[in-house]
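When a ligand or atom number is given, it counts from 1 through the structure's own listing order.
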Amino acid sequence: MGGVVISGTGSFLPEQVITNSDLEMMVDTSDEWITARTGIKERRICPRGMASSDMGAEASRRACADAGISPSEVDFIICATVTPDNFFPSTACIIQSKLGIKNIPVFDISAACSGFIYGLEIGKNLLSSGVYKTGLVVASECMSRVTDYTDRAICVLLGDGSGAAVIKPSEEEGIMGSYLSADGSYGDLLNLPAGGSLNPASFDTVEKRMHFMKMEGAALFKVAIRAMSESVNKVIERFNLKKNDIAIVIPHQANLRIINGVAKDLGMPADKFYVNIEKYGNMSAACIPIALDEASKKGLIKKGDLIVTVAFGGGLTWGANLIRWTK
Ligand code: UT7
């Protein structure tokens, strides 16, 4: 049995930009505070009528083109999202339809910001079964739809976007392994309280702004650094590697201070961590595949390089993938 490689990546970002000065006109904040506390300067916002599936379908087309395949060759789709178009059908089903593919298994996973990392591991295992030849893992998030633009502690952080990867069985070993974890007892630190079976939509839930994401920022900050450092350590220890063996880390982009904190905790140079948070903010599960696509297209990743992706998010969930770049 050989391995599973990433054979193509693609991403899509909506055109509309919201800058820190735009936000200064909406809430009591400043470019200085946002830049110093988060590293974010701009974020992208989906226009009305565009949904997670539209961005996901476009990122998927671009990943297929990069892999040199037609979407019709895809044998399964895994979509990571916490901002699905609807509860059901799944966003993966809608993306499948937009790509014009029929009769393959497709499903969504809900692991918040760690969704793409979970998706790659699930996809690798589906391909390892020998039943499928080509998988598509896509992460797509319209975070602006669950953002309260009257809450300065949250609205400065979030943005919209989508990223995708085509994965294939190969003689080479690309996705070497993953470390996945979660602790549901931290669920209240980051959640969307209403709209589900516990608090279905009502006048009351709307009035109390319960359809917007809620977050305990300072508490999350500490758990994030610990969980991300642990994930990198676990995944590289499993393969008896040293931190020096890693060419580039693709971290979840929640806060530049968290990324720098993880680098410091691990004793790794901060410049090994790919950062694009200044342009897009936190796009939940979409951050990692977008960053991977950008780093690859910029020529920052060479064939043979070892990459670690690492994230944490709502759930809480966290994890890392260890990938050898084979493109
Ligand atoms: O994808 C995973 C999900 N999210 C995260 O990982 C987020 C993790 N947490 C963070 O990134 C940081 O905790 C935040 C960026 C959210 C906040 O930064 P902080 O340094 O932890 O600030 P804080 O919450 O301790 O607030 C410090 C002060 C407070 O004012 P007082 O009480 O000291 O007077 C806040 O009210 O900053 C105030 N503040 C703001 N001021 C200007 C909070 N948000 C803003 C704002 N502009 N946008």
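Heavy-atom distances between T38 and ligand 1 reach below 4.0 Å in at least one pair. Assignment of A218 to the shell around ligand 1 is supported, since a heavy atom sits closer than 4.0 Å.
The distance from the CE atom of M143 to the SG atom of C287 is 9.0 Å, given to the nearest 0.5 Å. Within the model, atoms CG of N276 and CG of D293 stand 10.5 Å from one another, a figure rounded to the nearest 0.5 Å.
The residue from G39, G217, A112, G313 that puts a heavy atom closest to atom 8 (C) of ligand 1 is G217. When the heavy-atom distances from atom 7 (C) of ligand 1 to E32, M215, R37 are ranked, the shortest goes to M215. When the heavy-atom distances from atom 5 (C) of ligand 1 to N255, L220, L316 are ranked, the shortest goes to L220.
Residue I69 is found in a hydrophobic cluster whose other members, listed by chain and number, are V74, I77, I95, L99, I101, I104, V106, L136, V138, V166; membership requires side-chain heavy atoms under 4.5 Å apart, directly or through intermediates.
A donor-acceptor contact under 3.5 angstrom links the side chains of N321 and S178, judged on distance only.
Under a hydrophobic-cluster definition in which Ile, Leu, Val, Met, Phe, Trp and Tyr are linked whenever side-chain heavy atoms come within less than 4.5 Å, directly or via other members, L23 and I45 are assigned to the same cluster.
Taking distance alone, with nitrogen or oxygen atoms compared against 3.5 Å, I34 stays at or beyond that limit from ligand 1. For H252, a nitrogen or oxygen atom sits less than 3.5 Å from a nitrogen or oxygen atom of ligand 1, counting backbone and side chain alike.
Ranking protein heavy atoms by distance to atom 39 (N) of ligand 1, first place goes to W33 CZ2, 3.4 Å. Counting protein heavy atoms only, atom 30 (O) of ligand 1 is closest to R152 NH2, 4.2 Å.
The main-chain N or O of V4 is never found under 3.5 Å from a side-chain atom of K124 such that the two would form a donor-acceptor pair.
Each of the following atoms of ligand 1 lies closer than 4.0 Å to a heavy atom of C113: 1 (O), 2 (C).
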Using residues 186-196 as the side-chain source, report each donor-acceptor pair under 3.5 Å to any protein atom, sequence neighbours left out, with the distance given to one decimal.
| from | atom 1 | to | atom 2 | distance (Å) |
| --- | --- | --- | --- | --- |
| Y186 | OH | R226 | NH2 | 3.4 |

